[in-house]
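As a basis for the values below, the full set of heavy atoms in this structure was taken, side chains included, without hydrogen atoms, waters or symmetry mates.
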Amino acid sequence: MVAGQRGFSLRVPDSWFAFDVRRATRTGDLARLVDARTAAEPRLRPYRSALLKMLREVADRAERRGAVYCAAAPADDPGGGTVATLLVFESAGADDPADSTVAAIAGALTARAPAQPGGPWRTVETVRIPAGEAVRIRAVEPARLDGGTAVDTVTMQTLIPVPATDHEEWQVGVLNVVLTSPHVGLADPLLDLFEAISDTLQWSSSNPPG
């Protein structure tokens, strides 16, 4: 995966399906991905059509939202949709590079304490992950997808400035790793999982092959 001229990688659990959005919506990558998984796990063969439909829907939503990379965790019942999704977005950043620093990003965000037990909440903090210093948002709050009805969603965002390569004078954008799930009753273990996935973000110094 590439952010500007800087490549990046993320690791997700083996049970997840991960793909490049730009390729998945234009090629047979999703079918090949499902075929490889069902070949490795014969119990999934009866669910090939359901898995492929689920991934195409996820890929279409990811493309409409402008994501560059996506991963989805299928439900235990492979015909039951997704448990969680990961989307990676890249923005160009502010015109003034000083406004795209970790401190500036964190300062522009607002935390939210629950007004009542079980109410929506959001925290904002700076963290250090292997890829560098980043802003992390944890939340359980209503989210609206594709213009539909807002539903309570467990969310973790990790925003990190894209570092410059040897050919650039300063960082060239901001990467946003977004993990979400509608299963708010599992918020604590989901946020632990989301953190573990987000913390695998690594940079490479140049565009990866292909």
Non-hydrogen atoms of [X] and [Y] that approach each other most closely:
{"X": "S198", "Y": "L179", "result": "OG-CD1, 3.3 Å"}
{"X": "C70", "Y": "V58", "result": "SG-CG1, 3.3 Å"}
{"X": "Y69", "Y": "F19", "result": "CD1-O, 3.3 Å"}
{"X": "A104", "Y": "S100", "result": "CB-N, 4.4 Å"}
{"X": "P161", "Y": "W203", "result": "O-CZ2, 3.7 Å"}
{"X": "A18", "Y": "V12", "result": "CB-CG2, 4.1 Å"}

Side-chain donor-acceptor distances from residues 129-137 under 3.5 Å, at least two apart:
{"from": "R136", "atom 1": "NE", "to": "T158", "atom 2": "OG1", "distance (Å)": "3.1"}
{"from": "R136", "atom 1": "NH1", "to": "D199", "atom 2": "OD1", "distance (Å)": "3.2"}
{"from": "R136", "atom 1": "NH2", "to": "T158", "atom 2": "OG1", "distance (Å)": "3.1"}
{"from": "R136", "atom 1": "NH2", "to": "D199", "atom 2": "OD1", "distance (Å)": "2.9"}

Results of side chain to side chain donor-acceptor pair (under 3.5 Å) for [X] - residues two or more places apart only:
{"X": "E141", "answer": "R122"}
{"X": "T155", "answer": "none"}
{"X": "R48", "answer": "D35"}
{"X": "R32", "answer": "D29"}

State the [atom1]-[atom2] distance between [X] and [Y], to the nearest 0.5 angstrom.
{"X": "E57", "Y": "M54", "atom1": "CD", "atom2": "CE", "value": "9.0 Å"}
{"X": "L159", "Y": "L109", "atom1": "CG", "atom2": "CG", "value": "7.0 Å"}
{"X": "F17", "Y": "T85", "atom1": "CZ", "atom2": "OG1", "value": "14.5 Å"}
{"X": "L51", "Y": "R45", "atom1": "CG", "atom2": "CZ", "value": "13.0 Å"}
{"X": "K53", "Y": "L30", "atom1": "NZ", "atom2": "CG", "value": "15.0 Å"}

* **Flag side-chain contact, heavy atom, 4.5 Å: Y47 against T38** =>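 No. Closest side-chain heavy atoms not under 4.5 Å.
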
* Is any side-chain heavy atom of F8 closer than 4.5 Å to a side-chain heavy atom of V68? ->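 Yes, their side chains come closer than 4.5 Å.
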
* Asked: Taking only residues at least two apart or on different chains, which pairs with a member in residues 107-119 satisfy side-chain hydrogen bond (donor to acceptor under 3.5 Å, both in side chains)?
  ->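 Applying side-chain hydrogen bond (donor to acceptor under 3.5 Å, both in side chains) to every pair that reaches into residues 107-119, excluding sequence neighbours, yields nothing.
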
* Would you say the side-chain atoms of T82 pair up with the backbone N or O of A84, donor to acceptor, closer than 3.5 Å? ->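 Answer holds: no.
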
For [X], enumerate each residue passing the side-chain contact (heavy atoms from CB on, under 4.5 Å) test, keeping only those at least two apart in sequence or located in another chain.
{"X": "D152", "value": "P142, V184"}
{"X": "T200", "value": "L10, R11"}
{"X": "V151", "value": "T153"}
{"X": "P114", "value": "W121"}

Shared ILVMFWY cluster between [X] and [Y], side chains joined below 4.5 angstrom?
{"X": "V102", "Y": "V174", "value": "yes"}
{"X": "V127", "Y": "L175", "value": "yes"}
{"X": "L186", "Y": "V154", "value": "yes"}

Donor-acceptor list for residues 187-197 side chains, cut-off 3.5 Å, not counting sequence neighbours:
{"from": "E195", "atom 1": "OE1", "to": "R138", "atom 2": "NH2", "distance (Å)": "2.9"}

* Residues that, via side-chain heavy atoms closer than 4.5 angstrom, fall in one hydrophobic cluster with V178 ->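 Its cluster partners, ordered by chain and number, are L87, F89.
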
